[in-house]
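All remarks here apply to the structure that follows.
Residue indices begin at 1 and follow the sequence shown.
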Amino acid sequence: MKKITLFVLLSISAIFASDLKIEDAYVRATPPGLQNSAAFMTIKNSSDENIALLKAKSNVSKVVELHTHQMKNGIMKMYQVPKIDIAAKGETTLKPGGFHIMLIGLKHPLKVGENVDLTLEFSNGKSQKVSAKIKTVMGGMKMKHHNMQHKN
Ligand SMILES: [Cu+2]
């Protein structure tokens, strides 16, 4: 009897054990009227194979895209990427000015202290849910969006 129980417990923990661990997930708070925000986090890959983040989903915005930033001629530009790699036994940090999950067309302002639920889909066929805290975040793409709207 005991043996059977132990076997069942081991099987369950094997199903739920994940090669990926997501830490410090947060989302940029937005003032009313701002249509876009971004989510950031650290993704750790404890497996022996490279895994990539392929897709993110959330119900707070109409569109969710994977983005990165690159400096071109002194201007920080943001563009969509098909995937974000997390190397075997490595980690990738999504942060302002670098990789981020772009939330486009927010359905409501994101208030500090609340949470945004995200579902992340990975190249190993697994998906993971994350609850990201809404925080005030300075820098990053905010700068770029404002530059676009300069009237001189
Ligand atoms: Cu972006």
| Taking N73 for the side chain and I75 for the main chain, is one N or O donor matched with an acceptor at less than 3.5 Å? |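 Judged by distance alone, no pair lies under 3.5 Å.
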| query | Under the 3.5 angstrom rule, does the side chain of R28 hit a backbone N or O of V137 as a donor-acceptor pair? | reply |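 The answer is yes, because a donor-acceptor pair under 3.5 Å joins these two groups.
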| field | Worked verdict on I22 versus Q128 for side chain to side chain contact (heavy atoms under 4.5 Å, CB included) | value | CA-CA 9 Å; I22 295 158; Q128 209 155 316; 3.8 Å; yes
| field | side-chain hydrogen bond (donor to acceptor under 3.5 Å, both in side chains) between T42 and D24, intermediate numbers included | value | CA-CA 6 Å; T42 296; D24 305 323; 4.8 Å; no
Do [X] and [Y] have side-chain heavy atoms sitting under 4.5 Å apart?
| X | Y | result |
| --- | --- | --- |
| F122 | I43 | yes |
| K83 | V81 | no |
| S58 | T119 | no |
| I104 | S61 | no |
| I84 | L54 | no |
| I86 | K44 | no |
| K21 | E23 | yes |
| V64 | I101 | yes |

| request: Could you go through the salt bridge (charged side-chain N to carboxylate O under 4.0 Å, His left out) check for K129 and D117 one step at a time? | output: CA-CA 7 Å; K129 283 192 162 67; D117 290 327; over 6 Å; no
| request: Evaluate the criterion side chain to side chain contact (heavy atoms under 4.5 Å, CB included) for residue pair V116 and S131; output intermediate values, then yes/no. | output: CA-CA 6 Å; V116 170; S131 186; over 6 Å; no
| said: Please list all pairs meeting salt bridge (charged side-chain N to carboxylate O under 4.0 Å, His left out) that have one or both residues in residues 104-115, counting only residues at least two apart or in different chains. | reply: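 Qualifying pairs, neighbours excluded: none.
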Quick one: pull up [atom1] in [X] and [atom2] in [Y] and give me the separation to the nearest 0.5 Å.
| X | Y | atom1 | atom2 | answer |
| --- | --- | --- | --- | --- |
| N50 | K89 | CG | NZ | 12.0 Å |
| T30 | I134 | OG1 | CD1 | 7.5 Å |
| D85 | S123 | CG | OG | 8.0 Å |
| K55 | L66 | NZ | CG | 10.0 Å |
| Y26 | L94 | OH | CG | 9.0 Å |
| L20 | S46 | CG | OG | 7.0 Å |

| query | Restricting to pairs with a member in residues 45-68, which pass ring-ring contact (aromatic ring centres under 6.0 Å, His included), not counting sequence neighbours? | reply |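 Found H67-H100.
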| field | Stepwise side chain to side chain contact (heavy atoms under 4.5 Å, CB included) check, L120 with M41 | value | CA-CA 12 Å; L120 308 179; M41 66 197 67; 3.7 Å; yes
| query | Which atom names give the shortest non-hydrogen contact between K126 and D19, and what distance separates them? | reply |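 K126 and D19 have their closest heavy atoms at NZ-OD2, 4.1 Å.
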| Where E121 and S127 come nearest, the two heavy atoms and their spacing |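 The answer is CG-CB, 3.9 Å.
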| query | For S47, what residues pass the side-chain hydrogen bond (donor to acceptor under 3.5 Å, both in side chains) criterion, not counting sequence neighbours? | reply |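 S47 satisfies side-chain hydrogen bond (donor to acceptor under 3.5 Å, both in side chains) with N45 once adjacent residues are dropped.
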| query | For F40, is the NZ or CZ atom of K95 found under 6.0 angstrom from the centre of its six-membered ring and inside 45 degrees of the ring axis? | reply |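 No, a cation-pi geometry is absent between K95 and F40.
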| request: Show the numbers, then the answer: is there a side chain to side chain contact (heavy atoms under 4.5 Å, CB included) between L34 and L110? | output: CA-CA 9 Å; L34 196 65; L110 302 179; over 6 Å; no
